Structures are given as C-alpha cells and as structure tokens.
Amino acid sequence: EFPMLLNKLSSEEMCRLTTRLLVSATTDAGVEGGLYYVDLENNEYHRILSGDFRGIDICGDLIYAVSLTFGITVLDRNLNIVGTIGIGDYDFHGFRIYKGEYALITETSRDAVGIYSFPDFKRIREIRITESTEDHHHINVLQIIGDSVLISMFSQSGSFKTPSFNMDG
C-alpha cells in the first residue's frame, strides 16, 4: 500500500525532506488507488481522489491526471476538480503534455501512444511500436525530452503475455 513508499527512507532522511508531492496510484491487488497529496515535512499523506490513476502533468495553472476511472481529471493548483474529460478506454498509463499543444498518453492495451490535441483531448493520431493492436509490450511510462519521446515497457521483444516473458523491456 502507499505508506510503504514513505517507509523506504530512514527517519533521518525523512526529517530533512520538506517536499510536497502529488502522486498518482493505480488500484492493485484490492488496494484502491487515487491521487494523493504527500507532505514529506510532516510525514503525512491524504487521498484527494479515489480511482485508478496512472499519470499526472501540469500545464499553466491546471493539473491533468489520467485514470482508468474518469479519463482525464482536471484540477486547479488548490487541488479542486475543475472538470473531467472522457477519452475512451485503452488502459492508459503514462501521460505527458507536449508544448501545450498535444497530450501523449500510453495506450497500454493497444501497444501504442495516443496523440491528442490539447486541451480538448481529441485523438488525432498515434505512435505505434508494433502492427498488433494488443498488449504485447506493455507500454508504461513516457517522458518527453526536447522533441524526443522516451517510452518504457515491460517487454521489448513483445513477449509480455506469453509464458516466456522475461522482463526484457
């Protein structure tokens, strides 16, 4: 469960941290996920929203969180919900806003990265890593550095759902 993340630091290390975090957590093994506000200075966390959240990004004064539960949830800097945007059901994982014009979202169940116009989240195209539209690689997180998109996945060979799966991603 989430408190385990806080327990990975020693007491001395925790005392020196003053960071506050917004963390997305997936629902897994019967433990409900959500958006969490973590205050490391006071060693506290609070669930802001329940749901199966997978990624967060910020653009301007708004925070965008992708989830399997709601699609895109939009929050202000005070963590109040401003709105939600339904965008389909492709087992979303990673999420990044690119230059304030596009949103890239990993569509794990399709072995693809969907490219959406931003901020209306209309799907305009995709980055495919295979011809298959099934989850063979299990794309997770993406990062944008400059004009490059870095993608992490469980299986580079495409063996994710096979008995020979060996975490080669």
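In what follows, every heavy atom counts, from backbone to side chain, and hydrogens, waters and symmetry copies are set aside. Predicted model only: the values in this text are computed from it and were never measured.
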Check whether any side-chain heavy atom of [X] lies under 4.5 Å from a side-chain heavy atom of [Y], and answer yes or no.
X      : Y      : result
Ile56  : Ile63  : yes
Ile105 : Ile87  : yes
Leu22  : Leu79  : yes
Tyr64  : Phe118 : yes
Ile72  : Phe95  : yes
Thr106 : Val141 : no

Who pairs with Thr73 by side chain to side chain contact (heavy atoms under 4.5 Å, CB included), at least two apart in sequence or on another chain?
->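 If we apply the side chain to side chain contact (heavy atoms under 4.5 Å, CB included) test to Thr73, skipping adjacent residues, the hits are Leu49, Phe53, Phe70, Leu75, Ile81, Thr84.
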Can you sort out the partners of Lys99 under side chain to side chain contact (heavy atoms under 4.5 Å, CB included), two or more places apart, ordered by chain and number?
->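 With neighbours one apart ignored, the set is Asp147.
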How many angstroms lie between atom [atom1] of [X] and atom [atom2] of [Y], to the nearest 0.5 angstrom?
X      : Y      : atom1 : atom2 : result
Leu104 : Glu126 : CG    : CD    : 11.5 Å
Ile48  : Ser24  : CD1   : OG    : 11.0 Å
Asp61  : Asp76  : CG    : CG    : 9.0 Å
Leu142 : Ile151 : CG    : CD1   : 6.5 Å
Arg96  : Cys59  : CZ    : SG    : 12.5 Å
Leu35  : Ser67  : CG    : OG    : 8.0 Å

Within one Ile-Leu-Val-Met-Phe-Trp-Tyr cluster: Val149 and Ile124, side-chain cutoff 4.5 Å |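 Yes.
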Does Val66 belong to the same Ile/Leu/Val/Met/Phe/Trp/Tyr cluster as Val82, with side-chain heavy atoms less than 4.5 Å apart forming each link?
->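 Cluster IDs for Val66 and Val82 match.
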Main-chain N/O of Asp91 paired to Arg110 side chain as donor or acceptor, under 3.5 Å =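 No, Arg110 side chain to Asp91 backbone: no donor-acceptor pair under 3.5 Å.
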Only one of Val38, Asp39, Val23 forms a side chain to side chain contact (heavy atoms under 4.5 Å, CB included) with Tyr45, so which one is it?
->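 The side chain to side chain contact (heavy atoms under 4.5 Å, CB included) with Tyr45 is passed solely by Val38 among Val38, Asp39, Val23.
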More than 12 non-hydrogen atoms from neighbouring residues, nucleotides or ligands closer than 6.0 Å to CZ on Arg128, yes or no?
->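 Check passes, neighbour count above 12.
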Residue pairs passing the side chain to side chain donor-acceptor pair (under 3.5 Å) test where at least one lies in residues 25-34, sequence neighbours excluded =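 For residues 25-34: Thr26-Asp52, Thr26-Arg54, Glu32-Arg47.
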Show your working on salt bridge (charged side-chain N to carboxylate O under 4.0 Å, His left out) between Arg123 and Glu107 and close with a plain yes or no.
-> CA-CA 12 Å; Arg123 194 169 192 282; Glu107 299 172 350; 2.7 Å; yes
Between Phe121 and Tyr116, how do the two ring planes meet: parallel, tilted or perpendicular, split at 30° and 60°?
->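 Geometry flag for Tyr116 against Phe121: tilted rings.
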